[in-house]
Protein chains: 2
Amino acid sequence: MNRPNPTLLQPRKTPQQARSAATIEAIRQATIQVLLVEGVGRLTTTRVAERAGVSVGTMYQYYPHKQALLFGIVEKQLLLIEEAMCAASDRLMGEDLKTLAEGLAAAWLDAKTADIVSSRAIYGIASEFDLSAAMGRAATVMTELFDALLANAPDARFADRASVAFMLAALLGGSVRMVMEADPSDGNLERLRIELPRACHAYLVAARI
Amino acid sequence: MNRPNPTLLQPRKTPQQARSAATIEAIRQATIQVLLVEGVGRLTTTRVAERAGVSVGTMYQYYPHKQALLFGIVEKQLLLIEEAMCAASDRLMGEDLKTLAEGLAAAWLDAKTADIVSSRAIYGIASEFDLSAAMGRAATVMTELFDALLANAPDARFADRASVAFMLAALLGGSVRMVMEADPSDGNLERLRIELPRACHAYLVAARI
DNA sequence: TCCGAAACTGAATGATACTTCATATTTTGA
DNA sequence: TCAAAATATGAAGTATCATTCAGTTTCGGA
């Protein structure tokens, strides 16, 4: 569980037969399951392999070590979120503040709740090792995306646009994370769906010159 | 590192001499230090004891197991935050929305940044074991506090006050956590100090009937 | 059908970590 | 001053876990 060598974070071998592709996916799923059911502390290679229905050795054919396993999952999830937000950004470029706020909140919630299970699992790993780097990078990307959207909004100018984009990212990311980690019941998610766009819009309007 | 028996989460023995009280505090500090410098994954009893300048055995005289050590820290920190927010609540009861928003944001930031080191450490442990329960409870307390404040604000009525209080807690807690975990630089905290009250106030005004 | 490559197996290895306890040291109070 | 209580020590016991690898099974193409 120590310093992951970056060059070793890639899969050890790439699958050639359909059989092994299925195995890899089974391991991925099993990792998420174990993470949710047992928690980070009890996520062991043996347990994951057992749940995936393969032997430990098989797992080590595709992942050089445990870290790579976790890293793979997080990376995939972050990529999905990033793609979703980029798409939303394209769609929303040039729109007014109200449309922006509603569109971004909806896109963010959609992306995060599309696979609640994986999302929650990731929050669990996040602190375990050097994910702060990956997540920090994702946050930066998001802030820049927002900054561009705000710059192109026809009905808005800001005294300090960078700070507003930063705060918007914090509000969106933070509140959703908090709810999903504490109690992601349907009721609470519904509340978020209603209140989050409103909160974002209100903030943007208040921050406008 | 398994299921902590609730009855065993209390210190094994209470200190009688000044000497042992100092030891306990040293262990507490050492735990936080190790947590920050080495990370959760490398937080071992030996390392903590070493950093505290005592032997492992000493540690086990006061804490029945490693979990109790972590739990003790988190509990204390949560208590501090809760106290600070209760005090703020007393001070702000009956004030208008603007004063509320500014007061709550400031109180929250003060509480969280009073001991940045401990606060960050806690986020690190949070997912390790069943802290979601403790943190969920803290969130509920906070929401109820906010709800009462909103009920007594002279210049506001809400269609769904409970949801507004819930959202306010999510916005406050989430955004601060996100910034502190990602990059708690002075610049970012300063941004929060300026933007967070504004965001809270804007949301409350927008949510008002 | 048959062979070489790919995939899989799981006991063994070695390292690390939590926890205990018999012993040593320090403090207190009479 | 001195014995009993409190506190501290750290090597040893026990457990768990990541990782390896020699051997077996399965697959795909000729």
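All chains are named by letter (A, B, ...) in the order of the sequence lines, taking the proteins before the strands, and each is independently numbered beginning at 1.
With salt bridges taken as basic N to acidic carboxylate O contacts below 4.0 Å, none links B:Arg193 and B:Glu190. With respect to the salt-bridge test (charged N to carboxylate O, under 4.0 angstrom), the residues A:Glu50 and A:Arg47 do not qualify. A salt bridge links A:Glu181 and B:Arg177; the closest N-O separation between the charged side-chain nitrogens and carboxylate oxygens is under 4.0 Å.
In this structure, the side chains of A:Asp90 and A:Cys86 stay at 4.5 Å or more apart for every pair of heavy atoms. You'll find the side chain of B:Arg137 reaches within 4.5 Å of the side chain of B:Glu82, heavy atoms only. Here the side chains of A:Leu149 and A:Leu104 are in contact, with some heavy-atom distance below 4.5 Å.
Of all non-hydrogen atoms in A:Asn188 and A:Asp183, the two that sit nearest each other are ND2-O, 3.0 Å. Residues A:Met180 and A:Ser119 come closest through the heavy atom pair CE-CB, 3.8 Å. Minimum interatomic distance between B:Thr143 and B:Ala165 (heavy atoms only, all atoms of both residues): O-CB, 3.7 Å.
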N/O-N/O pairs, protein side and nucleotides 5-7 of chain C side, under 3.5 Å:
{"unit_1": "C:dA7", "atom_1": "OP1", "unit_2": "A:Gln16", "atom_2": "N", "d": "2.7"}
{"unit_1": "C:dA7", "atom_1": "OP1", "unit_2": "A:Gln17", "atom_2": "N", "d": "3.2"}
{"unit_1": "C:dA7", "atom_1": "OP1", "unit_2": "A:Ser20", "atom_2": "OG", "d": "2.9"}
{"unit_1": "C:dA7", "atom_1": "O4'", "unit_2": "A:Arg19", "atom_2": "NH2", "d": "3.2"}

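Whole-Å rounding puts the B:Lys66 NZ to C:dT16 C1' distance at 11 Å. Remark: C1' of C:dC18 and OH of B:Tyr63 are 17 Å apart, rounded to the nearest angstrom. Atom CD in B:Glu25 sits about 16 Å away from atom P in D:dT7, given to the nearest Å. Remark: P of D:dC17 and OH of A:Tyr60 are 12 Å apart, rounded to the nearest angstrom. Distance CE (A:Met59) to P (D:dC17): 13 Å, rounded to an integer number of Å. Taking atom CZ on A:Arg42 and atom C1' on C:dA17, their separation rounds to 16 Å, with Å as the unit.
Of the two residues near DNA chain D, B:Ala18 and A:Ala18, the one whose nearest nucleotide lies more 5' is B:Ala18.
Note on A:Ile24: nothing from the nucleic acid sits closer than 4.0 angstrom, heavy atoms only. Backbone-only contact: A:Leu43 has heavy atoms under 4.0 Å from sugar-phosphate atoms and none from a base.
Against DNA chain D, the stretch residues 45-55 of chain B makes heavy-atom approaches under 4.0 Å through B:Val54, B:Ser55.
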